[in-house]
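To start, the structure under review is shown below, and the notes come after it.
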Amino acid sequence: MIKKIKILHLEDTPTDAELIGIELKRSALLFDRLVVDNKADYLNALGQYEPDIILCDHSLPQFDSIEAFELLKQSDLNVPFILITATISEEFAVDIMKNGAADYLLKDRTQRLPSAITNALEKFRTEAERKRFLAETIANESLLKEAENIADIGSLDIDLQTQYAKWSPGLYRILGLDSSVVRPSLETF
């Protein structure tokens with residue numbers, strides 16, 4: 001079963017929100033969309049609606065995309081943030097992307113929105129998998145070190161083609177060598 005994408009759309013101009021809605025309906029995306037137009041509703045939606053992605057206008061009365069993005073980063077959510085605005089400088093667009101926004105679109109070029117959403121969600125999914133894999137690898141490495149200490153054993157890994165060698169701390173300990181002095185290699189072993 002294909003999961004519906006939960007879109008939180010922060011937009012204060014009803015006609016712009018409707019145009020974005022029309023562009024989304026033209027796409028093949030399966031989605032639910034919640035449109036909010038102020039900070040209080042946005043904060044409530046971050047906690048209650050739990051969106052998969054956020055679309056955000058830049059300029060809202062007494063609230064803007066920079067503050068909206070900061071509030072997202074302070075929340076427990078880790079979802080893509082796409083800026084959709086009428087006009088911004090190229091410098092601003094680069095800055096918000098450097099700060100972690102997934103993408104930005106100009107309101108007069110929204111035909112790219114469905115692919116921007118798909119790409120942002122895929123990028124976040126891939127990054128989450130990478131982080132999960134890295135955390136598992138670190139945990140496994142930690143368990144291996146603990147087991148080596150308890151069993152007083154060591155391990156080594158040598159790639160015979162590249163001659164790259166890696167020794168565990170336990171192997172250094174068993175061989176009585178200092179890891180800061182001796183470089184691991186097949187010859188040294």
- Message: Evaluate Asn38 against Leu60 for side chain to side chain contact (heavy atoms under 4.5 Å, CB included), listing each step before the verdict.
- Response: CA-CA 8 Å; Asn38 61 66; Leu60 299 120; over 6 Å; no
Considering only heavy atoms from C-beta outward, does the side chain of [X] approach that of [Y] to under 4.5 Å?
{"X": "Leu83", "Y": "Phe92", "result": "yes"}
{"X": "Pro51", "Y": "Ile7", "result": "no"}
{"X": "Leu34", "Y": "His9", "result": "no"}
{"X": "Leu10", "Y": "Leu55", "result": "no"}
{"X": "Thr85", "Y": "Tyr104", "result": "no"}

Decide, yes or no, whether a salt bridge links [X] with [Y] under the criterion of side-chain N to carboxylate O below 4.0 Å.
{"X": "Lys4", "Y": "Asp52", "answer": "no"}
{"X": "Lys6", "Y": "Glu50", "answer": "no"}
{"X": "Glu129", "Y": "Arg125", "answer": "yes"}
{"X": "Glu141", "Y": "Lys166", "answer": "yes"}
{"X": "Arg112", "Y": "Asp103", "answer": "yes"}

- Item | Donor on one side chain, acceptor on other, Ser65 and His58, under 3.5 Å |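 Yes - a donor-acceptor pair under 3.5 Å links their side chains.
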- Query: Are a donor atom and an acceptor atom from the side chains of Asn44 and Asp41 found within less than 3.5 Å of each other?
  - Reply: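 Asp41 and Asn44 do not have a side-chain donor-acceptor pair below 3.5 Å.
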- Query: After noting the C-alpha distance and the side-chain angles of Ile5 and Ile53, does the key distance pass the side chain to side chain contact (heavy atoms under 4.5 Å, CB included) rule?
  - Reply: CA-CA 8 Å; Ile5 300 167; Ile53 192 163; 4.0 Å; yes
- Item | Tyr164 (side chain) donor-acceptor with Ile158 (main chain) under 3.5 angstrom |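 Pair absent, no side-chain N/O of Tyr164 close to backbone of Ile158.
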- Can you tell me how far CG of Asp16 sits from CG of Asp37, rounded to the nearest 0.5 angstrom?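 So the CG of Asp37 and the CG of Asp16 are separated by 12.5 Å.
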